[in-house]
Chemist: 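First, the structure itself, so that you have it in front of you.
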Amino acid sequence: MDIRLLGPVEVWAGTHGLDIGPPQRRVALAALALDAGRPVLTETLIERIWGERPPAQPRAAIHAHIAMIRRLLQAAHAAEEKQPPVTLVHRGNGYVLRADLQQVDLLRFRALVGAARRRPDAERAALLGEALELWRGPALADLSGEWPARMRDGWGLERLDAAVDWARTALRLGHHARMISRVRALLDDYPVAEPLAAVLMRALARAGRLSEVFDCYATLRQRLAEQFGVDPGPELRQLHQAALHGDLDQAGPQTDPDQAAPPGEPDQTTLPAEPRDRAVPAQLPADVRGFSGRGDEIDQLDRILHTAGRQVTSGVVVAVSGTAGVGKTTLAVRWAHRVADRFPDGQLFVNLRGFAPGGLLGPAEAVRGFLDALGVPPDRIPPDLHAQAALYRTLLAQKRVLVVLDNARDADHVRPLLPGTSTAMVVVTSRRQLTGLVATDGAHPLTVELLSATDAARLLTRRLGPERIAAEPEAVERLVTACARLPLALAVAAARADETGFALGVIADELEQADHRLDVLDTGDPASRVRAVFSWSYRALPPAAARLFRLLGVHPGPDVTASAAASLAAVPAPRARTLLADLTRAHMLAEHSPGRYALHDLLRVYACEQAHAEEPGAERAAAVHRTLDHYLHSAHAMDQVLDPHRDNVALDPCRPGVTIDAPADSAGALAWFEAERPAILAALRQAVAAGAHARTWSLAWVLVTFFDRQGHWHDLVATQRAALQAARRLPDGSRQEAYVHRYLGRAFTRLGDHGQAERHLRGALRVYADLGDPVGQAHTYRGLSWMDEGAGRLTDALRNSERALELFQAADHRAGQADSLNAVGWYRGLLGDCQGTLICCGEALTLLRELGDRYSEAATLDSLGYAHHHLGCFARAADCYQAAVDLLRETGDRHHEAEVLVHLGDSHLAGGAATAARTAWRAALEILLDLGHPDADGVRAKLRLLRGSADAHR
């Protein structure tokens, strides 16, 4: 019997394929087969099958699917009795699919890849080739949904790694002629995979097909430029230069697994590093105060760093596992700070929230966060996870980078985040043993155990001082035992001792008398007193601080500010700051960055327990609603500062007790949105789960301007899709639905998906026509003009802008008129009518100055500069561009400021002012380098040409 996941999901008995049934049953089978031989909890099955939208009775549906899968497996065994059966058994709160690993193609693929790494080249190539033959197309090709998509992307990256390994091995064996067609086929599936292209270029050169080497390089360069706005990496550039000089065989050799340089040490076979003029990410959290022990673990990490890079080709991965509260993150962060200087190209950190009550951070969101940190402009980030991961790997190629992936759910959660370069190192922490990473990705396992009694006592000594510890040695031993040597529990116990001044024996007595267990610690370890530690620390809190602690358990986001806490508890903000300080001193809360407070996962669980035990349901619901109101009305205030001329919508009034944040200026509003984005998104998910449709739609609405201007278009799509479902459930939600279609059209336009953009924009037009809303139709025609411009249909873009202008004029909508006038002028200029640009944009400029819309005024001045430049009036063009730059500096839009500075330099140079051009371009280059934008290379080229021209003149 064969269970096939590497393609459409199939079950085969001999030569016969069996009917599995509907898609949800296929997902259930795939979810069980992935973990064949290991229990899969019912909750995990529910999450994998339905995501965040389970049916009313998910367990009953699971039981039905399990029964049908058992019948299927029995039928398969009956048709092929000579093969060992595959059975499905109930175990605890879940199910185990008992199967030989050879009977599941994914597991067979991983076993072959793992075995290949330890074999000589001839056997290695054969095993890898056999593994790759198991793929029949994209994994789980016939399944939709979040979990299948995540698995498809992650497994696809495993396939790519295996393909690169096979191709390099085949090339070393001299099989270049036979491998070329297969590598070409793989490049069709992975069109921007630089390692595959590099092997293909070498193989083509050895086969004497030099012209195809240049074709391969040119094709990949074009793809990278179009999709990501980047050039090929160092290896491909080196190969291309070698081919131009006719010595490709002497180019720097491909990396051999036994010769790779360890992370943090220079690789002498690669090109010199690029000049260090870009911002280097440094995302590590602050080092932990009072760190104690873990000498063996730190030594082990040091040894891995020193030696492991010589044994693998895809980088060093360390899988750090251990129970909750044992100090995995503390260890990883402490060690990362110790070795940060070994990774001069940066340190990346993300909390994947694999076990957080608010839900995990998916690989796609984590990759986008890394791309942001690496300076990729939002418009260069591709829409799907596979392409994002490919860009991420491309940017880290040959870079000495440390990546810390904290709190991972499982191996598949982190695979898309592995850099795949021998110069990078990855440290993953998880409450689970990541055996998948160890078996198939060559990760080094490191288990963090409970502290030794000596180290536990040392931790208390660091917290309380040596005199106090020496005064009660017996009580210290009892306290260490009662806290089960768990660092988190010891820290809270020390905080209680420090706050109360009680003798350590008294605190040990209290703890020993408690008989509860914190249920979240379900690993069977002896940490049986953790809840008790929390309980007496909690009972020692002042009543108001204890109430706030309880309510923090129902807060949706990863952290809170004083104003968010004030709204949660319905107290004034100054009072909330006092209560937060009380909780921080008691170590029940951590101020992880100035003014932002977070609960450890265990404390969040405990807080939620206390909220349900002590707070009436009505008060819990009221606290949730106040939190939603805080984020909604604060975000609305920020949005009005960012875009004061945006058509407003009526929000439901705030509930009593809500504190609203007020922005000082547009820069402050942007900073607020950036800091609160995770909390607002969590609040939106909470609103969806609560069926609060009006709040869901409104929260999505207030995020539009921020997401659009900052380039968070993937978030814009996700939130607007939630808003669309909410709008359709509102009693009279047609207008809200039309808004959502407009914004989805804008987001898909930004992402380059013009088909989806047009579908949503046409949908908005239909709804606005039914409503008799000409202003809504006008905004939608403007959206269509942006879409047409992106698709290269400038005549259609002009026509739609003119239609929008007519509708805005008929409705006397002055802000819309100004925007449309600028658009009409811009498209006329692009079509060659620069005099028309001056007329239309001149009218727009007058109107915008009357309205005080300085952001749009800058865009219009840029259009006027374009027209003057192309009419040969370079001094006037420079004046317009300079005025636009001044306005953009006020609004804080640095990306557009850099763009206009480049235009300004062009006009100065065309007018003969070379020195002024150099000044403008240098200012643009400084911004682009700070942003890590790929356009910096173009500006560098302009400056080099200008310098070369000056040298030639001299």
Side-chain angles (χ1 to χ4, degrees), residues 636 639-652 694 697-698 700-709 716 720 723-724 726-728 730-750 757-789 796-827 840-841 843-857 859-860:
H636 183 245
D639 183 65
Q640 287 185 311
V641 170
L642 291 180
D643 189 357
H645 301 284
R646 182 184 181 193
D647 289 340
N648 212 341
V649 298
L651 301 179
D652 291 338
W697 183 88
S698 299
W701 185 84
V702 296
L703 287 166
V704 168
T705 304
F706 168 70
F707 280 163
D708 185 44
R709 291 192 183 177
L716 183 55
Q720 292 306 307
L724 186 59
R728 288 170 174 169
L730 292 173
D732 185 17
S734 296
R735 190 173 303 280
Q736 288 89 335
E737 184 176 345
Y739 271 119
V740 175
H741 280 305
R742 265 176 50 200
Y743 298 140
L744 281 170
R746 179 183 300 181
F748 282 118
T749 295
R750 301 289 201 186
E758 183 163 15
R759 182 172 69 84
H760 283 289
L761 290 167
R762 297 293 178 192
L765 273 182
R766 287 192 296 272
V767 177
Y768 281 130
D770 292 341
L771 292 170
D773 183 348
V775 172
Q777 293 178 65
H779 281 300
T780 308
Y781 278 115
R782 278 291 292 119
L784 284 166
S785 70
W786 287 324
M787 181 204 69
D788 289 329
E789 181 184 357
D796 291 340
L798 175 59
R799 184 175 62 252
N800 283 319
S801 292
E802 289 172 339
R803 178 61 178 144
L805 179 58
E806 292 170 2
L807 290 166
F808 280 131
Q809 287 173 334
D812 196 27
H813 191 288
R814 301 180 75 218
Q817 289 178 51
D819 174 69
S820 298
L821 279 166
N822 178 42
V824 169
W826 172 248
Y827 294 128
C840 291
C841 293
E843 293 180 29
L845 189 64
T846 300
L847 190 51
L848 288 166
R849 285 173 173 168
E850 292 175 3
L851 294 169
D853 186 348
R854 300 174 76 76
Y855 187 85
S856 298
E857 183 182 341
T860 304

Chemist: Decide side chain to side chain contact (heavy atoms under 4.5 Å, CB included) for L771 and S734; before the verdict, give the C-alpha distance in whole Å, the side-chain angles of both, and the deciding distance to 0.1 Å.
Modeler: CA-CA 8 Å; L771 292 170; S734 296; 4.1 Å; yes

Chemist: Per the side-chain hydrogen bond (donor to acceptor under 3.5 Å, both in side chains) rule, which among H779, R814, H813, R782 passes with D819?
Modeler: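 Of the listed residues H779, R814, H813, R782, the side-chain hydrogen bond (donor to acceptor under 3.5 Å, both in side chains) partner of D819 is R782.
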
Chemist: Answer yes or no for R728 and W697: cation-pi contact, defined as NZ/CZ to six-membered ring centre under 6.0 Å and angle to ring axis within 45°.
Modeler: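 No, a cation-pi geometry is absent between R728 and W697.
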
Chemist: With heavy-atom distances below 4.5 Å as the criterion, would you say the side chains of L765 and Y781 are in contact?
Modeler: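 In contact.
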
Chemist: Should E802 and R799 count as an ion pair when the cut-off is N to O under 4.0 Å?
Modeler: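 Salt bridge between E802 and R799, a charged N being under 4.0 Å from a carboxylate O: no.
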
Chemist: Could you check whether any side-chain heavy atom of L744 comes within less than 4.5 Å of a side-chain heavy atom of R746, counting everything from C-beta outward?
Modeler: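 Side chain of L744 against side chain of R746, heavy atoms only: no contact under 4.5 Å found.
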
Chemist: Out of the candidates R742, R735, H741, only one should pair with Y768 under the side-chain hydrogen bond (donor to acceptor under 3.5 Å, both in side chains) rule; please name it.
Modeler: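 Of R742, R735, H741, side-chain hydrogen bond (donor to acceptor under 3.5 Å, both in side chains) with Y768 is met by R742 alone.
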
Chemist: Indicate the atoms forming the closest heavy-atom contact of L716 with A747, along with that distance.
Modeler: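 For L716 versus A747, the nearest heavy atoms are CD2-CB, 3.6 Å.
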
Chemist: Which heavy atom of L642 sits nearest a heavy atom of T705, and at what distance?
Modeler: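 Between these two residues, the closest heavy atoms are CB-CG2, 4.0 Å.
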
Chemist: Below 4.5 Å, heavy atoms only, C-beta onward: do V704 and R646 meet side chain to side chain?
Modeler: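 Yes. Closest side-chain heavy atoms under 4.5 Å.
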
Chemist: Who passes side-chain contact (heavy atoms from CB on, under 4.5 Å) against D770, sequence neighbours left out?
Modeler: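 D770: no side-chain contact (heavy atoms from CB on, under 4.5 Å) contacts found.
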
Chemist: Work out which heavy atom in A804 is nearest to a heavy atom in S820; give both atom names and the distance.
Modeler: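 So the two residues come closest at CB-OG, 3.8 Å.
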
Chemist: Closest heavy-atom contact between L730 and A694?
Modeler: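 Looks like CD2-N, 3.7 Å.
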
Chemist: Rounded to the nearest 0.5 Å, how far apart are SG of C840 and CG of L845?
Modeler: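 Here the interatomic distance stands at 13.0 Å.
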
Chemist: Looking at side-chain heavy atoms only, is the closest gap between Q720 and L703 below 4.5 Å?
Modeler: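 A side-chain contact under 4.5 Å is absent here.
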
Chemist: Which atom names give the shortest non-hydrogen contact between Q777 and A769, and what distance separates them?
Modeler: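 Closest pair (atom of Q777, atom of A769, distance): NE2-CA, 4.0 Å.
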
Chemist: Closest heavy-atom contact between V649 and H636?
Modeler: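 In this case the closest contact between V649 and H636 is O-NE2, 4.4 Å.
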
Chemist: Look at the aromatic rings of F748 and H760 and report parallel, tilted or perpendicular, splitting at 30° and 60°.
Modeler: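 The rings of F748 and H760 lie parallel, inter-plane angle below 30°.
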
Chemist: Among residues at least two apart in sequence or on other chains, which ones pass ring-ring contact (aromatic ring centres under 6.0 Å, His included) with F706?
Modeler: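 Expected list: F673, H712.
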
Chemist: Out of curiosity, T749 OG1 to D708 CG, how far, rounded to the nearest 0.5 Å?
Modeler: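 Result: 10.0 Å between the selected atoms.
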
Chemist: Could you grab the distance from atom CG of L724 to atom OH of Y743, nearest 0.5 Å is fine?
Modeler: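 That separation rounds to 13.5 Å.
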
Chemist: What distance do Y855 atom OH and T860 atom OG1 have between them, rounded to the nearest 0.5 Å?
Modeler: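 Interatomic distance, Y855 OH to T860 OG1, rounded to 0.5 Å: 11.5 Å.
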
Chemist: Tell me, with the steps shown, if L807 and V775 meet side chain to side chain contact (heavy atoms under 4.5 Å, CB included).
Modeler: CA-CA 7 Å; L807 290 166; V775 172; over 6 Å; no

Chemist: What distance do S698 atom OG and L651 atom CG have between them, rounded to the nearest 0.5 Å?
Modeler: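 Reported to 0.5 Å precision, the distance equals 5.0 Å.
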
Chemist: State, with a plain yes or no, whether a side-chain heavy atom of W701 is found less than 4.5 Å away from one of D639.
Modeler: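 Yes - at least one pair of side-chain heavy atoms lies under 4.5 Å apart.
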
Chemist: Does some side-chain heavy atom of Y827 sit less than 4.5 Å from a side-chain heavy atom of S785?
Modeler: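 Yes, their side chains come closer than 4.5 Å.
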
Chemist: With heavy-atom distances below 4.5 Å as the criterion, would you say the side chains of M787 and N800 are in contact?
Modeler: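 M787 does not reach N800 side chain to side chain.
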
Chemist: Starting at CG of L761, measure out to OG1 of T780 and round the result to the nearest 0.5 Å.
Modeler: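 Rounded to the nearest 0.5 Å, the CG-OG1 separation comes to 6.5 Å.
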
